[in-house]
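See below for the structure under consideration.
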Amino acid sequence: MGWFIYRRMIGRAGRRRAWCLLGATIDETATIGPRVSMRDPKHVTIGAHSRIGGRVWIDSWGEITIGANVLMNGEIDLLSTQHVIDHPHFKAERRSVSIGDYVWLPLKIIVLPGVSIGDYAVIGTGSVVAHDVPDYGVAVGNPARVVRERARIEYTYVATKIGAPPPPPSTEASPTQ
């Protein structure tokens with residue numbers, strides 16, 4: 001599915017069905033945007049209510065698993081293959097990528113081969129994730145480092161329902177004293 005205009009025209013349900021016909025395993029409640037591309041969809045699994053939008057490149061020579069309620073906003077590269085730089089023939093090496101449930105990857109993020117991002121983690125804009133991120137970890141930078149922990153609460157948002165603009169500020173006059 002290399003043509004953006006085609007992916008846009010077939011709509012959300014059509015994109016999900018098309019990627020599934022090409023071999024991806026995508027929950028029927030997940031949303032896949034028109035600028036999402038997958039190299040080898042049969043190695044991709046996307047969980048319930050995940051929302052993958054913007055320009056997302058899933059370089060899936062190896063397995064890439066995206067959990068439930070994951071929110072990816074755009075300009076994200078998920079890489080599952082790298083070359084062994086000291087190998088005489090520059091041998092390729094496949095390493096799986098795993099992204100847990102309720103993870104947020106906002107903008108301009110690169111996830112390198114072999115990385116596991118735990119449940120409820122957040123990756124900061126512009127980060128290059130070269131090492132595993134634990135559950136609830138907030139990782140930023142290049143290379144991304146865990147700088148704090150997300151609140152350990154029960155997250156219940158549904159990623160596919162996120163994205164509506166916030167309501168306008170109230171124009172009612174506030175009571176004065």
Side-chain angles (χ1 to χ4, degrees), residues 1-123 125-133 135 139 142-144 159-160 163:
M1 290 210 335
W3 297 337
F4 166 75
I5 193 69
Y6 173 73
R7 292 190 311 252
R8 187 167 178 221
M9 285 176 26
I10 63 174
R12 290 180 181 175
R15 283 189 295 274
R16 192 194 65 74
R17 281 193 306 271
W19 285 120
C20 288
L21 286 172
L22 292 170
T25 303
I26 303 171
D27 188 272
E28 65 184 32
T29 60
T31 300
I32 309 297
R35 294 182 64 205
V36 174
S37 295
M38 300 179 205
R39 182 180 300 271
D40 194 351
K42 71 181 175 210
H43 295 141
V44 176
T45 302
I46 300 173
H49 299 290
S50 288
R51 182 177 180 180
I52 317 298
R55 196 228 23 97
V56 176
W57 170 237
I58 302 175
D59 191 21
S60 51
W61 288 115
E63 297 296 320
I64 295 187
T65 304
I66 299 169
N69 283 295
V70 172
L71 182 59
M72 291 187 196
N73 296 356
E75 293 192 47
I76 296 169
D77 295 323
L78 304 178
L79 310 174
S80 66
T81 306
Q82 63 189 15
H83 289 278
V84 180
I85 61 172
D86 293 327
H87 192 276
H89 302 290
F90 208 45
K91 177 183 172 187
E93 173 182 65
R94 294 178 188 188
R95 301 178 68 202
S96 64
V97 170
S98 174
I99 298 173
D101 298 338
Y102 289 96
V103 173
W104 180 28
L105 284 80
L107 294 167
K108 299 182 180 180
I109 294 171
I110 299 171
V111 178
L112 296 178
V115 168
S116 178
I117 299 174
D119 294 340
Y120 312 104
V122 175
I123 308 300
T125 295
S127 296
V128 176
V129 186
H131 304 287
D132 292 351
V133 177
D135 292 351
N142 180 4
T160 52

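Here the structure is a predicted model, which is why all the values come from computation and not from measurement.
- Contact between Arg16 and Asp27 at its shortest, heavy atoms only, is CD-O, 3.2 Å.
- Heavy-atom neighbours of Arg17 CZ from other residues, nucleotides or ligands within 6.0 Å: at or below the threshold of 12.
- For the atom pair CD1 of Ile66 and OG1 of Thr25, the computed distance is 11.5 Å after rounding to the nearest 0.5 Å.
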From CA spacing to verdict: side-chain contact (heavy atoms from CB on, under 4.5 Å), Leu105, Val111: CA-CA 10 Å; Leu105 284 80; Val111 178; 3.9 Å; yes

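- The distance from atom CZ of Arg94 to atom NE2 of His43, rounded to the nearest 0.5 Å, is 6.0 Å.
- Listed here is the closest heavy atom pair of Ile46 and Ala30: CG2-CB, 4.1 Å.
- Of all non-hydrogen atoms in Ala144 and Ala139, the two that sit nearest each other are CB-CB, 4.1 Å.
- Counting only distance, with no hydrogens or angles, the side chain of Ser127 and the backbone of Ile109 share no donor-acceptor pair below 3.5 Å.
- Ser96 meets the side-chain contact (heavy atoms from CB on, under 4.5 Å) test with Glu63; sequence neighbours excluded.
- The distance from the CD1 atom of Ile52 to the CE atom of Met38 is 8.0 Å, given to the nearest 0.5 Å.
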Contacts under 3.5 angstrom, residues 68-81 side chains, donor-acceptor by atom type, not counting sequence neighbours:
{"unit_1": "Asn69", "atom_1": "OD1", "unit_2": "Ala159", "atom_2": "N", "d": "3.0"}
{"unit_1": "Asn69", "atom_1": "ND2", "unit_2": "Tyr102", "atom_2": "OH", "d": "3.3"}
{"unit_1": "Asp77", "atom_1": "OD1", "unit_2": "Arg55", "atom_2": "NH1", "d": "3.0"}
{"unit_1": "Asp77", "atom_1": "OD1", "unit_2": "Arg55", "atom_2": "NH2", "d": "3.4"}
{"unit_1": "Ser80", "atom_1": "OG", "unit_2": "Asp59", "atom_2": "O", "d": "2.7"}
{"unit_1": "Ser80", "atom_1": "OG", "unit_2": "Trp61", "atom_2": "N", "d": "3.1"}
{"unit_1": "Ser80", "atom_1": "OG", "unit_2": "Gly62", "atom_2": "N", "d": "2.8"}

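- Atom CD1 of residue Ile26 and atom CZ of residue Arg15 lie 11.0 Å apart, to the nearest 0.5 angstrom.
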Quiz: residues 112-121 side-chain donor-acceptor pairs under 3.5 angstrom, not counting sequence neighbours:
{"unit_1": "Asp119", "atom_1": "OD1", "unit_2": "Asp101", "atom_2": "N", "d": "2.8"}

